[in-house]
Amino acid sequence: MTEPTQPATVLSVTDLTPNVRQLVLLPQRQKLDFLPGQWVSLKLPISPHPPLNRAYSMAEPASPSGELTLVFDRVPQGSGSNYLYRLQAGDTVILSGPHGKFVLPQPPGRALLCITRYTGLVPVRCMLKALEAIRDPTPVLLVAVGPAEDELLYHFELLSLAVSRPGFQYLPLVAPTEEAAVALVADMLSPLLPQKSKAVPLLCGTKAFVHPLRQYLIEAGYQRKEIKIESYG
Ligand SMILES: Cc1cc2nc3c(=O)[nH]c(=O)nc-3n(C[C@H](O)[C@H](O)[C@H](O)COP(=O)(O)OP(=O)(O)OC[C@H]3O[C@@H](n4cnc5c(N)ncnc54)[C@H](O)[C@@H]3O)c2cc1C
C-alpha cells in the first residue's frame, strides 16, 4: 500500500544561521495532526522516479492554521538539503506524515535530559515549545552542541527561556565534529549524571553523535530502553 501524500505550499523561507534554513509549509489538502517530535517525509523530485525521500522534524507544535515549520542544515553535496535550499515562497513540495515515535514520554512529569547536535535540536525545540505553551513544570536540562558558535540554533531564545522558565537549564556547547561533540558532552555530563539519574534521556542528531552517547549513558547505568533516540545520516 502506498502512503498518502499531498502537496504543500512554501509560505516563507528564513535563514536562522549561515547554514541552517527554515521553511514554513502549508499542506494544501489536509491539516496534519502531529505530536511534538514527529516528522514529515518530503518526496523530492531529484531523480525522475522514484522521488528522493527525506525526513524533517517539525520545529513548532501544531497550530490552528495548519502550518508546518521545518528547519534543516545545508549538507555539503547533500542532494536533499541542497534541493530544499533552492525552494522559494510559492513553490510546492510533496509530503507525507506525520511519522515517528520520538515524542515526549508518557506519563509526563519525569525530568528530561535532552542531548542534541545541530539540527538534532529541531524536534526537541518543538517539545520545549509545547511544554512552555501549557506552562508544564517538568525539569529539563538541554545540552545542545553546534558545529560553530554562529551555528548554535535558537541560542538566544533558549538563553531567554533559561531565565524565564524555572527548572529549565540550557548548556550550549561548540564542537566542530561529531566525534569532538561526543567527547565534550560526555565530559560535561559525567559530574551531572548522578543527580540526573531519574531524568529521561532524549538524544537526537546523526548516528555518529547519538549512538556513542547512548552507549555512554548505558555504561553510566541507564537501561537501553529508557533512552529515547532519533538518529540519522
Ligand atoms: C526521523 C528523521 C528526522 C530528521 N529531521 C531532520 C531535521 O529536522 N533537520 C535536518 O536538517 N535533518 C533532518 N533529518 C535528516 C534529513 O532527512 C536528511 O538526511 C538531511 O537533510 C541530509 O540529506 P541530504 O540528501 O542533503 O544529504 P545526504 O546526501 O543524504 O548526506 C547525508 C550525510 O551528510 C551528513 N549530515 C550532515 N548533516 C546532516 C543532517 N542534518 N542529517 C543527516 N545527515 C547529515 C551525514 O554524515 C550523512 O552521511 C532527519 C532524518 C530523519 C531520519
Undergrad: Is there side-chain contact between L153 and V122, with at least one heavy-atom pair below 4.5 Å?
TA: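 They are in side-chain contact.
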Undergrad: Please assess L142 against L161 for the test side chain to side chain contact (heavy atoms under 4.5 Å, CB included), listing each intermediate value before the final yes or no.
TA: CA-CA 11 Å; L142 168 63; L161 191 61; over 6 Å; no
Undergrad: Do N82 side-chain atoms and R74 backbone N/O form a donor-acceptor pair below 3.5 Å?
TA: no
Undergrad: Group every Ile, Leu, Val, Met, Phe, Trp and Tyr by side-chain heavy-atom contacts under 4.5 Å, then state whether L16 and L70 land in the same group.
TA: no
Undergrad: So, for L25 and A8, which heavy atoms are closest and what is the spacing to 0.1 Å?
TA: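 It is CB-CB, 4.2 Å.
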Undergrad: Is a side-chain donor or acceptor of K228 paired with a backbone partner of L104 at a separation under 3.5 angstrom?
TA: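 No, because the side chain of K228 does not come within donor-acceptor range (under 3.5 Å) of the backbone of L104.
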Undergrad: Could you list the donor-acceptor pairs under 3.5 angstrom formed by side chains in residues 174-187, with sequence neighbours left out?
TA:
{"unit_1": "T177", "atom_1": "OG1", "unit_2": "A180", "atom_2": "N", "d": "3.0"}
{"unit_1": "E178", "atom_1": "OE2", "unit_2": "T206", "atom_2": "OG1", "d": "2.4"}

Undergrad: Under the criterion side chain to side chain contact (heavy atoms under 4.5 Å, CB included), I'd like the reasoning laid out for M127 against V140: C-alpha separation, chi angles, the key distance, then a yes or no.
TA: CA-CA 11 Å; M127 294 175 190; V140 178; over 6 Å; no
Undergrad: Assess the side chains of Q28 and T9: does a donor N or O sit below 3.5 Å from an acceptor N or O?
TA: yes
Undergrad: Give me the atom names and distance for the closest heavy-atom approach of K207 to P212.
TA: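 That closest heavy-atom pairing would be O-CD, 3.5 Å.
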Undergrad: Looking at every non-hydrogen atom in both residues, tell me the closest pair between P201 and L217 and how far apart they are.
TA: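 Taking P201 first and L217 second, the nearest heavy atoms are CB-CD1, 3.7 Å.
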Undergrad: Show me, pair by pair, the donor-acceptor contacts under 3.5 angstrom made by side chains of residues 89-101, not counting sequence neighbours?
TA:
{"unit_1": "D91", "atom_1": "OD2", "unit_2": "Q88", "atom_2": "N", "d": "2.8"}
{"unit_1": "S96", "atom_1": "OG", "unit_2": "E3", "atom_2": "OE1", "d": "2.9"}
{"unit_1": "S96", "atom_1": "OG", "unit_2": "E3", "atom_2": "OE2", "d": "3.3"}
{"unit_1": "S96", "atom_1": "OG", "unit_2": "H99", "atom_2": "NE2", "d": "3.0"}
{"unit_1": "H99", "atom_1": "NE2", "unit_2": "E3", "atom_2": "OE1", "d": "3.4"}

Undergrad: In Å and rounded to the nearest 0.5 Å, what is the CD to CZ distance from E132 to F168?
TA: 9.0 Å
Undergrad: In the structure I gave you, are the side-chain heavy atoms of F209 and S231 within less than 4.5 Å of one another anywhere?
TA: no
Undergrad: Using a 3.5 Å distance criterion without hydrogens, assess whether the side chain of R224 forms a donor-acceptor pair with backbone atoms of R214.
TA: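 No: the side chain of R224 does not pair with the backbone of R214.
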Undergrad: Do the non-hydrogen side-chain atoms of R117 and P147 ever get within less than 4.5 Å of each other?
TA: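 A side-chain contact exists here, since the closest heavy-atom pair is under 4.5 Å.
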Undergrad: Give a yes or no on whether M58 and L26 share a hydrophobic cluster (residues Ile, Leu, Val, Met, Phe, Trp, Tyr; joining criterion: side-chain heavy atoms under 4.5 Å apart).
TA: no
Undergrad: Do Y118 and L158 belong together in a cluster built from hydrophobic side chains that touch within less than 4.5 Å?
TA: yes
Undergrad: For the CD1 atom of I218 and the CG atom of L213, what is their distance to the nearest 0.5 Å?
TA: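 It is 11.0 Å, given to the nearest 0.5 Å.
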Undergrad: CH2 of W39 to SG of C126: how many Å apart, nearest 0.5 Å?
TA: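 Going from the CH2 atom of W39 to the SG atom of C126 covers 15.0 Å.
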Undergrad: Are Y56 and L42 packed together at the side-chain level, in the sense that at least one heavy-atom pair is separated by less than 4.5 angstrom?
TA: yes
Undergrad: Write down the atom of E226, the atom of V200, and the distance for their closest heavy-atom approach.
TA: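 Closest approach of E226 to V200: O-CG1, 3.8 Å.
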Undergrad: So which heavy atom on R125 is nearest to which on A59, and how close?
TA: NH1-O, 3.0 Å
Undergrad: List the atom of L152, the atom of P172, and the distance in Å for their closest heavy-atom pair.
TA: CD1-CB, 4.2 Å
Undergrad: When clusters are formed by joining ILVMFWY residues with side-chain heavy atoms under 4.5 Å apart, either directly or through shared neighbours, do Y232 and F34 land in the same one?
TA: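 Each belongs to a different hydrophobic cluster.
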Undergrad: Applying side chain to side chain contact (heavy atoms under 4.5 Å, CB included) to L173 and V143, what does each step give before you reach the verdict?
TA: CA-CA 7 Å; L173 298 173; V143 182; 3.7 Å; yes
Undergrad: Does the E151 side chain pair with the main chain of A148, one donor and one acceptor, at a distance under 3.5 Å?
TA: no
Undergrad: Between atom CG of L44 and atom CG of N53, what is the distance when rounded to the nearest 0.5 Å?
TA: 8.0 Å
Undergrad: Take atom CD of Q30 as the centre, draw a 6.0 Å sphere, and report whether it contains more than 12 heavy atoms from other residues, nucleotides or ligands.
TA: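 Not buried by this count: 12 neighbours or fewer within 6.0 Å.
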Undergrad: Measure the spacing between CZ of R165 and OH of Y170 and express it to the nearest 0.5 Å.
TA: 15.0 Å
Undergrad: Going by heavy atoms in the side chains, are V75 and Y85 under 4.5 Å from each other?
TA: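 No, side chains not in contact.
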Undergrad: Would you say L112 and P105 make side-chain contact, with heavy atoms under 4.5 Å?
TA: yes
Undergrad: Do V124 and Y154 touch side chain to side chain, with heavy atoms closer than 4.5 Å?
TA: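 V124 does not reach Y154 side chain to side chain.
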Undergrad: Test of understanding: clusters of I, L, V, M, F, W, Y form through side-chain heavy atoms closer than 4.5 Å, transitively. Do L128 and V103 belong to the same one?
TA: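 As far as the 4.5 Å side-chain criterion goes, V103 and L128 are not connected within one cluster.
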Undergrad: List the steps, then state whether side chain to side chain contact (heavy atoms under 4.5 Å, CB included) holds for T14 with V24.
TA: CA-CA 9 Å; T14 311; V24 177; over 6 Å; no
Undergrad: If we check side-chain contact (heavy atoms from CB on, under 4.5 Å) with V71, which of these qualifies: V20, T17, L23?
TA: V20
Undergrad: Does the side chain of L32 come within less than 4.5 Å of Q6's, by heavy atoms?
TA: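 In short, these two side chains touch, coming nearer than 4.5 Å.
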Undergrad: So how far is it from R54 CZ to S81 OG, rounded to the nearest 0.5 Å?
TA: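 One finds 8.5 Å between CZ of R54 and OG of S81.
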